[in-house]
Trainee: 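There's a structure below that I have some questions on.
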Amino acid sequence: MRTPENLFDRFEALATGENRAFVVTPAGRTITYAEANATSARLANTLVALGVAIGDRVAVQVEKSPEAILLYLACLRAGAVFLPLNTAYTPNEIDYFLRDAEPKLFVAAPGAKAALEAVARAARVAAIETLGTAGDGSLMERAATQPTAFATAMLDRHDLAAILYTSGTTGRSKGAMLSHENLASNAHVLSYFWRFTAEDVLLHALPIYHTHGLFVATNVILQVGASMLFLPKFDSDQVFALLPRATTMMGVPTFYVRLLDDPRLTREATAHMRLFVSGSAPLLADTHRGFEERTGHAILERYGMTETNMNTSNPYAGDRIAGTVGPSLPGITVRVVNPETGRQLPMGEIGMIEVKGPNVFKGYWRNPEKTKAEFRDDGFFVTGDLGKVDWKGYVTIVGRGKDLVITGGFNVYPKEVESEIDALPGVVESAVIGVPHKDFGEGVTAIVVRATGVTLDEAGILAALQPRLAKFKQPKRVIFVDDLPRNAMGKVQKNVLRVLFERIYD
């Protein structure tokens with residue numbers, strides 16, 4: 001019998017069922033590690049009863065709740081592949097994911113089942129269940145009659161644990177395949193590097209369908225057997241109410257901008273805190289400096305991707321330099337190369353960032369051509385981000401080789417938004433770009449060319465996009481121009497557009 005390499009077995013406090021707090025809600029509900037073990041076993045038994053086998057996908061679009069985390073753990077135990085989907089996705093978008101991933105089970109929020117059941121049936125999903133935010137839904141009803149013991153699936157470390165759909169600049173979303181080793185290695189490195197222990201209490205206000213909230217925050221806590229104060233979403237009042245009970249917090253830049261705007265943010269309010277971490281989008285240097293001036297805490301910024309989890313981090317003990325994402329994490333190699341030749345560049349020169357390590361994903365789901373295109377022959381993954389490395393090893397991200405927009409920590413690829421705009425009557429063409437935005441890092445911005453004589457306006461386009469795109473993908477502004485700038489090959493010069501409109505959100 002081989003050694004178990006299931007990620008679930010790495011979470012010792014969970015696997016042994018220790019009787020201490022794992023998740024605590026603002027309402028005061030506490031789920032211990034022992035209870036999490038028992039309920040995840042019930043859910044794992046339920047998955048098997050529904051026909052979910054090792055390697056089958058389980059697609060989940062539900063609101064944040066402790067039970068949603070327990071479902072993730074149940075998938076690990078059963079050897080299923082967890083597929084979390086953004087709660088903002090419309091039925092039109094869900095249809096694509098279900099057809100592409102072909103899950104055995106789709107779990108939806110109770111109130112959304114009526115709208116999504118037909119979509120799931122059309123995609124030939126075998127089973128459809130619901131999961132609510134208060135332990136309700138058909139999945140929990142089924143789980144209530146199941147045993148509280150489950151033999152965790154014996155897996156190889158290279159077996160898939162999750163698929164997270166990520167954005168590109170062309171085509172549709174691609175499923176990044178993450179193995180048990182990918183997730184286990186990153187949880188181990190981060191908990192060590194950021195000095196997490198079982199005594200930590202993490203203020204968790206992030207979504208859990210995203211790498212940051214699910215694999216960085218939750219897996220790190222599970223790795224050391226610590227606790228989470230589990231907010232449904234970021235809310236300043238709840239954050240300040242719970243902050244005295246926390247030792248650490250992870251957030252996106254938007255969180256810190258909003259905290260800085262609140263007079264309750266003081267040195268006294270944060271004196272007991274050990275660590276503030278920021279990621280998923282660039283943290284403005286002004287935000288970094290302002291937060292340190294108000295609290296005495298230097299926010300620790302790190303750099304990761306859906307495909308790689310975390311790659312670099314400013315140090316726990318040492319200089320956390322505003323505008324940088326720190327050196328590479330232990331066991332991970334980061335290099336900067338000439339994008340055309342792949343030749344490694346000297347220190348300080350700007351080029352394409354590439355990474356290699358046990359954290360790097362296995363490839364794109366059912367897309368070997370794209371997978372091959374994104375990896376060098378020596379195994380380095382081409383991130384698409386442009387940056388440089390200084391003499392201390394600190395990485396600075398200076399832009400993206402791809403036109404990906406990161407807004408409020410979410411990835412938006414322009415092509416999808418452009419396709420919806422271009423299909424509207426009266427639109428000749430469009431270009432979607434990211435423009436600096438104080439609250440969101442970047443604001444999704446649409447530059448549109450109208451047909452001669454039409455009266456289409458900004459409000460009309462925004463209204464037309466509402467039922468077609470998730471809210472975070474919808475443009476914050478629509479700007480009309482006579483023509484889009486192009487280079488000699490006829491390609492739209494989005495870099496020119498970004499310069500032209502870089503101050504529209506000032």
Side-chain angles (χ1 to χ4, degrees), residues 20-31 63-66 68-69 87-88 133-134 194-210 212-214 216-218 220-221 224 226-302 314 316 320 322 407-410 437-441 471-472:
R20 51 198 174 89
F22 166 43
V23 174
V24 181
T25 70
R29 180 184 172 207
T30 297
I31 297 175
E63 297 297 332
K64 183 178 179 181
S65 71
I69 291 292
T87 53
T133 58
W194 293 342
R195 303 189 185 182
F196 272 82
T197 72
E199 303 305 312
D200 272 305
V201 179
L202 174 71
L203 189 55
H204 192 308
L206 295 158
I208 56 172
Y209 47 75
H210 188 275
H212 195 172
L214 184 60
V216 179
T218 305
V220 164
I221 292 304
V224 299
S227 301
M228 295 190 290
L229 299 173
F230 210 60
L231 277 66
K233 61 181 180 179
F234 179 83
D235 177 270
S236 293
D237 290 337
Q238 285 192 325
V239 166
F240 281 108
L242 294 175
L243 201 59
R245 297 163 56 188
T247 64
T248 58
M249 175 179 166
M250 297 184 192
V252 297
T254 305
F255 290 7
Y256 295 110
V257 169
R258 291 179 180 171
L259 291 177
L260 268 172
D261 286 339
D262 196 305
R264 290 174 290 183
L265 184 71
T266 63
R267 286 178 180 264
E268 292 72 24
T270 60
H272 65 288
M273 291 290 285
R274 184 177 69 79
L275 180 64
F276 290 94
V277 178
S278 180
S280 299
L283 180 72
L284 296 179
D286 285 348
T287 304
H288 187 284
R289 286 189 289 266
F291 196 88
E292 187 169 11
E293 288 171 1
R294 286 273 292 281
T295 67
H297 289 279
I299 298 171
L300 187 153
E301 190 173 12
R302 84 300 183 277
N314 272 273
Y316 182 84
R320 300 177 193 171
T407 180
F410 299 122
H437 191 290
K438 178 185 176 183
D439 241 1
F440 296 94
K471 187 174 181 180
F472 69 88

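Below, all heavy atoms of this structure are taken into account, side chains as well, without hydrogens, waters or symmetry copies.
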Trainee: Identify the heavy atoms of R267 and E293 that sit nearest to each other, and give their distance.
Mentor: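 For R267 and E293, the tightest heavy-atom pair comes out as NH2-O, 3.7 Å.
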Trainee: So, the side chain of T270 versus the backbone of M273: is there a donor-acceptor pair under 3.5 Å, distance only?
Mentor: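 Between the backbone of M273 and the side chain of T270 there is no qualifying donor-acceptor contact (under 3.5 Å).
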Trainee: Rounded to the nearest 0.5 Å, how far does OG1 of T25 lie from CD1 of I31?
Mentor: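 Answer rounded to 0.5 Å: 8.0 Å.
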Trainee: Would the distance check show the side chain of S236 and the main-chain N or O of L259 forming a donor-acceptor pair, the cut-off being under 3.5 Å?
Mentor: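 It does not hold such a pair.
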Trainee: Provide the closest heavy-atom pair for R302 versus S278 in the form atom of the first, atom of the second, distance.
Mentor: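 Closest approach of R302 to S278: CD-O, 3.2 Å.
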Trainee: Might you point out which heavy atoms bring R320 and N314 nearest each other, and give the distance in Å?
Mentor: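 It is CA-OD1, 3.3 Å.
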Trainee: Do L214 and L206 have side chains that approach each other closer than 4.5 Å (heavy atoms only, starting at C-beta)?
Mentor: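 Not touching, per the 4.5 Å side-chain cut-off.
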Trainee: With sequence neighbours excluded, tell me which residues meet side-chain contact (heavy atoms from CB on, under 4.5 Å) with P244.
Mentor: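 By the side-chain contact (heavy atoms from CB on, under 4.5 Å) rule, P244 matches no residue at all.
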Trainee: Using a 3.5 Å cut-off and no angle test, enumerate the donor-acceptor pairs between side-chain atoms of residues 279-286 and protein atoms at least two apart in sequence or in another chain.
Mentor:
| residue | atom | partner | partner atom | Å |
| --- | --- | --- | --- | --- |
| S280 | OG | H212 | ND1 | 3.0 |
| D286 | OD1 | R289 | NH2 | 2.8 |

Trainee: Go through the steps to decide whether L300 and L275 satisfy the test side chain to side chain contact (heavy atoms under 4.5 Å, CB included), and finish with yes or no.
Mentor: CA-CA 8 Å; L300 187 153; L275 180 64; 3.9 Å; yes
Trainee: Please give me the minimum heavy-atom distance between L260 and R294, naming the atom from each residue.
Mentor: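 Taking L260 first and R294 second, the nearest heavy atoms are O-NH1, 2.8 Å.
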Trainee: Please name all residues satisfying salt bridge (charged side-chain N to carboxylate O under 4.0 Å, His left out) with R274, sequence neighbours left out, ordered by chain then number.
Mentor: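 With neighbours one apart ignored, the set is D200.
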Trainee: Do the side chain of K64 and the main chain of I208 share a donor and acceptor less than 3.5 angstrom apart?
Mentor: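 Answer holds: no.
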Trainee: Can you name the nearest heavy-atom pair linking V239 to L203, along with the distance?
Mentor: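 Taking V239 first and L203 second, the nearest heavy atoms are CG1-CD2, 3.8 Å.
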Trainee: If we only count heavy atoms from C-beta on, is the E199 to T247 side-chain gap below 4.5 Å?
Mentor: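 Not in contact.
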Trainee: Kindly indicate, with the supporting measurements, whether the criterion side chain to side chain contact (heavy atoms under 4.5 Å, CB included) is fulfilled by D439 and R258.
Mentor: CA-CA 8 Å; D439 241 1; R258 291 179 180 171; 3.4 Å; yes
Trainee: Okay, side chain of H288, backbone of E301: is any donor-acceptor separation there less than 3.5 Å?
Mentor: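 Such a contact is absent between H288 side chain and E301 backbone.
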Trainee: Please report the closest heavy-atom contact between T254 and G408, naming both atoms and the distance.
Mentor: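 In terms of heavy atoms, the two residues are closest at OG1-CA, 3.8 Å.
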Trainee: Is a side-chain N or O of S65 found less than 3.5 angstrom from the main chain of A68, in a donor-acceptor match?
Mentor: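 Yes, S65 side chain to A68 backbone: donor-acceptor pair under 3.5 Å.
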Trainee: Which distance, rounded to the nearest 0.5 Å, do you find between the OG1 of T218 and the CE of M250?
Mentor: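 Output value for this atom pair is 9.0 Å.
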Trainee: Enumerate the salt bridge (Lys or Arg N to Asp or Glu O under 4.0 Å) contacts for residues 231-245, please, sequence neighbours excluded, ordered by first and then second residue.
Mentor: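 For residues 231-245, and leaving out neighbouring residues, the salt bridge (Lys or Arg N to Asp or Glu O under 4.0 Å) pairs sorted by first residue read D237-R264.
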Trainee: Who passes ring pair (Phe, Tyr, Trp, His ring centres under 6.0 Å) against H437, sequence neighbours left out?
Mentor: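 Ring pair (Phe, Tyr, Trp, His ring centres under 6.0 Å) list for H437, sorted by chain: F440, Y505.
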Trainee: Once ring pair (Phe, Tyr, Trp, His ring centres under 6.0 Å) is applied, do any residues pair with F291, and if so which ones, sequence neighbours excluded?
Mentor: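 With neighbours one apart ignored, the set is Y256, F276.
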Trainee: Yes or no on side chain to side chain contact (heavy atoms under 4.5 Å, CB included) for F22 and I69, after CA distance, side-chain angles and deciding distance?
Mentor: CA-CA 11 Å; F22 166 43; I69 291 292; 4.0 Å; yes
Trainee: With side chains defined as the heavy atoms from C-beta onward, is the minimum distance between R20 and S227 less than 4.5 Å?
Mentor: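 Not touching, per the 4.5 Å side-chain cut-off.
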Trainee: Would you check if R29 and F230 make a side-chain contact, meaning some heavy-atom pair closer than 4.5 Å?
Mentor: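 No, every pair of side-chain atoms sits at 4.5 Å or beyond.
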Trainee: Spell out, as yes or no, whether a donor-acceptor pair under 3.5 Å connects the side chain of T30 to the backbone of V24.
Mentor: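 A pair under 3.5 Å: no.
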